[in-house]
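Written below as structure tokens is the structure these notes are about.
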Number of protein chains: 2
Amino acid sequence: MGFCETCVVRNRAICAALDSTEIQALNAIGRRRKLEPGQSLLWEGEDSLLVANVIDGVLKLSTGTADGREQIVGVVYPSDFIGRPFGQQTAHSVTALTDAVVCVFSRSDFDNFAREHPALEHKLLQRTLSELDRTRRWMLLLGRKSASERIAAFLLDMSERLVEPGCTTPPDAPHQTFDLPFSRQQVADVLGLTIETVSRQFTKLKSDGVIDLPSRRTVTILDREALEDRAG
Amino acid sequence: MGFCETCVVRNRAICAALDSTEIQALNAIGRRRKLEPGQSLLWEGEDSLLVANVIDGVLKLSTGTADGREQIVGVVYPSDFIGRPFGQQTAHSVTALTDAVVCVFSRSDFDNFAREHPALEHKLLQRTLSELDRTRRWMLLLGRKSASERIAAFLLDMSERLVEPGCTTPPDAPHQTFDLPFSRQQVADVLGLTIETVSRQFTKLKSDGVIDLPSRRTVTILDREALEDRAG
DNA sequence: CGATGGTTTGAGATATATCAAACCTCGTGG
DNA sequence: CCACGAGGTTTGATATATCTCAAACCATCG
């Protein structure tokens, strides 16, 4: 008996492509791993030895320059796939932002398994295509948008993505109040800004009555329409 | 008899996954199309009706804001794949920068064909994963690098990617002299800068003796090491 | 309660954008 | 063959958004 049968992301992760016989085979090569906030699973530039599915928690993908500047290039949530299958190098670090649980595979085991299960590869392809679209949309924000537009777009994105599936009464409606899994510095690293600029934009949105900030990491959207206008 | 047998990208595009019987079937659903500079194949936000392989030329992928700001989110070369299979919407426009030839498929035809040919999907997956890595690396440039770092990184990237396979004496060595397929404005749209800043950085690199600019679109790298130092 | 780490606020510096004009390059037509 | 015009490019002067440096602030936790 493995974990897969009772896995909370069984039907949302790429595993949904597999029947119960196949999932047992996958179960045999995977293992669960817990991560604490700040703990990394993969490091930029290292050999690609692991891939994984996110079961619970939020993780960041990040790259940096030699002199210490950092850019967060992706954020992953439960059911998302992480790591670089079919490749030698990991292009970015993967680090937990919250307590997290992942389902880890050795890359070579996973590669072999995937090559024998086209339906699994197909799910992975769909996911990768969507992620590429999302990433390219983010490039517009980084290349062309002002600080206030970036913050507004970020908050809207968070309100949509932090929705826990199956929890809210109207299915998958965006939240009005949510806890950011990011520190101010991490928000800055997502948006290509400095921590001071992020802080100032937050307080501006608050004093303009667009959002409320009940605590450091909690955001309440008071006027979603105004936020959409500001997102550019 | 179709085009595929004599196609110059037959062994580099995703078609390389197919044997001669399969490629005939693919040939039956594809057709060639020529594009002039400035001509678009796909438009942001429209239904995803076409996908294609690039046979010759260079094309840009771009998105923009409502008020006219533009960001180039990708550049594709011969053997690259374009369009959004397995999805309803095209997330970005695709426009020729040079004279170009593409091999076009209706998306639904391609989707059906691909689902029956796992080896083709596998090639597409590999390509998409590589493109995602590349795109995420570009986010570091857009989010965290200065104008001079962006220009240096851009020129190095161009010198590597504009290499015509099989043409240079040392196989796939980066070029010292090459013609940019971009106007100054387009370089600005790739790098998230203004045309004036791009121009000033070019002239600075020239007066510093790092590059030469024999004509508007021609670049000669005089000191590659200096360029690498400046790329951050 | 006092240390600690993260956050906010302030004042000033600066890289890049903006606005505007001059300058090429190249094709066209007289 | 030269003058002209048009598009793209470079250069210049100025504005400004964001960064930088620094201090004050605030929660949290021993």
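On a predicted model such as this, the values are computed, not experimentally measured, just so you know. First the proteins, then the strands, lettered A, B, ... as listed; each starts at 1.
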Does any non-hydrogen side-chain atom of Leu41(B) lie less than 4.5 Å from one of Arg33(B)? yes

If you only use heavy atoms from C-beta on, which nucleotide in dG6(C), dT25(C), dT10(D) is closest to the side chain of Arg216(A)? dG6(C)

Please work out if Thr203(A) contacts a base, only the sugar-phosphate, or nothing of the nucleic acid, heavy-atom cut-off 4.0 Å. sugar-phosphate

Report the distance from atom CZ of Arg150(B) to atom P of dA15(C), rounded to the nearest whole Å. 14 Å

Ignoring hydrogens and angles, does a donor from either the side chain of Arg200(B) or the base of dT18(C) sit under 3.5 Å from an acceptor on the other? yes

At a heavy-atom distance below 4.0 Å, what parts of residues 184-196 of chain B sit against DNA chain D? Arg184(B), Gln185(B), Glu196(B)

Find the distance Arg217(B):CZ to dT10(D):P and express it as a whole number of Å. 12 Å

Spacing of Lys145(A) atom NZ relative to dA17(D) atom P, expressed in whole Å: 18 Å

For Lys204(B) and dT10(D), what is the distance between atoms NZ and C1' respectively, to the nearest whole Å? 16 Å

Expressed as a whole number of angstroms, how long is the span from Arg144(B):CZ to dT18(D):P? 13 Å

No-hydrogen, no-angle side-chain donor-acceptor test under 3.5 Å, Arg200(A) and Ser148(A): no

Does Arg161(A) count as lying over the ring of Tyr77(A), i.e. NZ or CZ under 6.0 Å from the six-ring centre, within 45 degrees of the axis? no

Applying ring-ring contact (aromatic ring centres under 6.0 Å, His included), can you list everything that pairs with Phe81(A), at least two apart in sequence or on another chain? Phe110(A)

Tell me whether the side-chain N/O atoms of Ser183(A) come closer than 4.0 Å to OP1 or OP2 in dG6(C). no

For Ser146(A), which contact category applies under a 4.0 Å heavy-atom criterion: base, sugar-phosphate, or nothing? sugar-phosphate

In whole angstroms, how far is the P atom of dG8(D) from the CG atom of Leu97(B)? 14 Å

Rounded to whole Å, NZ of Lys206(A) lies from C1' of dT7(C) at a distance of 12 Å

Do Phe154(A) and Leu141(A) have side-chain heavy atoms sitting under 4.5 Å apart? no

Whether Ser159(B) side chain and Gln176(B) backbone form a donor-acceptor pair below 3.5 Å: no

Could Arg136(A) and Glu131(B) be called an ion pair, given the rule that one side-chain N must be under 4.0 Å from one carboxylate O? yes

